[in-house]
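Both ligands and their constituent atoms are indexed starting at 1 by order of listing.
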Amino acid sequence: MIAARQSGSRSCPEPPTRVGVVRSVEDHLQSVLRGVVPLDPIDVGLLDAQGCVLAEDVTAPWPLPSFDNSAMDGYAVRTADVEGASGEQPVTLRVVDDVPAGFRSTATLREGAAIRIMTGAPIPEGTEGIVPVEDTDGGMPEVRIDAPAAPGAHIRREGEDVARGDVVATAGTVLGPRQIALLAAVGRARALVHPRPRVVVMSTGSELVEIGGALRPGLIADSNGPSIAAAAVEAGAVAYRVGPVKDDAPTVLAALEDQLVRADLIVTTGGVSAGAYDTVKAVLSRMGSVEFGKVAMQPGMPQGHGTLGPDATPIFTLPGNPVSAYVSFEVFVRPVIRRMLGHSEVYRPVVRAVCTENLRSPKDKRQFARGLLTIEDGRYLVRPAGGQGSHMLGALAATNALIVVPEPVTEVKAGEPVAVLRLDEP
Ligand code: AMP
Ligand code: MG
C-alpha cells in the first residue's frame, strides 16, 4: 500500500510513526481497518457474482470434459484404415453415420467405415482418431481421406481438464469471467459470495449544486458526490448518492439518519475543517462515536472516522476539497471496502518509478502527489501533475497514479526513484 517501498509490493512494512499530536497515515489506516471483516456471505446468481469474492469451496460434481468428444469437425476413423493416406494416395471410406454436437451415435465404427462428426459430439464406439474435415473431401456417403490419424488424434478425453470431485474454486477466489466459466461448466447457477458493501455518499456544503443544476455566483457543481460514488463502485461497492446537503446541523443530521437503513458504510465530504460552518464536524463530534483529527498527509489533513446509529454503521467524513476527498478515499476508504468485500489484498499495487521532475514535499507529512505513470524502455517513469493544489480537478484528471513521498523527505529530484501507487490497477 501507500507505505510500500519495493517495486511491485503491496505490503505495509513501515512501523507507525507519530508526528507531533497529528496522527500518521499508518496509524489512521490501522485504526480505520481495525475490526473490519468481510460482509456475511449471500447466495447470488452467477452473473451477479462477477467481481465478488467466493465464500465457499466449489467441487465439480462431474468431470470436464464430461464425456470423450471430438475436438474438430471431421470424420471418426480407425487408425489402420487411414494409415499412409495422403493427397497422392487418398483412402476412401463409407460414411455410416453423422453426429452433430448434442447427439450420440448408436453406430459402432468398424473396419473400412467412417462417421462424420462435429466438434463437441460424443466419440462413437470403436473410434480411434478424428481426421479433420480439412484433410478430406467432406464427402457423404463416401469420404476421401488425405491424411492419416494418430491414435487419439483430436479426441478430447473425459476428465482431462477437471476430475470429478476436484475443488475447482476455493473460498477467497475473486470471481471473474474465467472463474465464472468454470463454475457454469460444473453446473453452478449460483454461488455463495461476500456481497458488495452498500456505500452511501453524501456531499455537504451550502455552495453545492446538484450536477446539471443552474449555478448562481458563488455556487459550484458538486463534484465530490459523483467522484466518490464512482470510486466506491470502482472499489467493488454499490454506491448510493445523496444530493448536496446544506451546512445546517439539523439538515445534516436528518440526512445521515435517513441513510442509515441502507448503508454498510457512509462517506461524507466537506465540513470537517476549522471553518465557522463546518457542520459535519460540529454535529458528529457531539455524538461521541466519530473521532475527528488531523492526519499527517498532503492532501487530506482533516479526517473523521467512527460509527453511527444502532448498527454502528462505519462512517468516514472526508475533507471537502475535491482532490483531498479523492485521495483520502483511495488511502483510507478503499481498503475498508475491499476488506468488506472479502479481498485478501486490499491495497493498490505500488511500483517504483523514476520521477521525471523535481518535487517538493512538506516536512513531516506523507505526500500523495498526483502523477502520470508511463513505461518507457521497460522502466516506469512518473511525471508529477503540473497543478498539485487540492482543488485542481483539471490536473487530477490527467493523472493515473499517486507518488508517495515519505514524511521525512522534503524534496525529490528529477531522476530519483519514488514509490508510486497505481490508480488504474485493482
Ligand atoms: P470544506 O471541507 O467544506 O471546507 O470545503 C473545502 C473546499 O472544497 C471548498 O472550496 C468547497 O467549496 C469545496 N468542496 C466541498 N465539497 C465539495 C463538493 N462536494 N464538490 C466540489 N467541491 C467541494
Ligand atoms: Mg464546506
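- Distance from atom 18 (C) of ligand 1 to its nearest protein heavy atom, with residue and atom name: Asn224 ND2, 3.2 Å.
- Of the protein's heavy atoms, Asp222 OD1, 2.7 Å lies nearest to atom 19 (N) of ligand 1.
- Within the structure, the closest approach of Asp278 to ligand 1 falls below 4.0 Å when heavy atoms are considered.
- Here is the list of ligand 1 atoms found below 4.0 Å of a heavy atom in Gly271: 1 (P), 2 (O), 3 (O).
- When only non-hydrogen protein atoms are considered, atom 22 (N) of ligand 1 lies nearest to Ile220 CD1, 3.4 Å.
- Although no hydrogens or angles enter the test, the distance criterion places no donor-acceptor pair under 3.5 Å between the side chain of Tyr326 and the main chain of Ala231.
- When hydrogens are left out, the protein atom nearest atom 10 (O) of ligand 1 is Asn321 OD1, 4.2 Å; that is the closest non-hydrogen contact.
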For residues 115-123, run the donor-acceptor check on the side chains, cut-off 3.5 Å, and write out each pair with its distance to 0.1 Å, sequence neighbours left out.
{"residue": "Arg116", "atom": "NE", "partner": "Asp98", "partner atom": "OD1", "Å": "3.0"}
{"residue": "Arg116", "atom": "NH2", "partner": "Asp98", "partner atom": "OD2", "Å": "3.1"}
{"residue": "Thr119", "atom": "OG1", "partner": "Asp73", "partner atom": "N", "Å": "3.1"}
{"residue": "Thr119", "atom": "OG1", "partner": "Asp73", "partner atom": "OD1", "Å": "3.0"}

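- Of the listed residues (Ala274, Gly320, Gly205), the one carrying the non-hydrogen atom nearest atom 2 (O) of ligand 1 is Gly320.
- The number of heavy atoms from other shown groups lying within 6.0 Å of CG (Leu215) is above 12.
- Using a 4.0 angstrom heavy-atom cutoff, Pro322 counts as in contact with ligand 1.
- Under 4.0 Å from ligand 1, the heavy atoms of Ser203 that appear belong solely to its side chain.
- For atom 20 (N) of ligand 1, the nearest non-hydrogen atom of the protein is Ser223 N, 3.1 Å.
- In this structure, Asp40 places its CG atom where only 12 or fewer heavy-atom neighbours from other residues, nucleotides or ligands lie under 6.0 Å away.
- Shortest contact from atom 12 (O) of ligand 1 to any protein heavy atom: Glu207 OE2, 2.5 Å.
- Within a 6.0 Å radius of CZ in Arg383, no more than 12 heavy atoms belonging to other residues, nucleotides or ligands are found.
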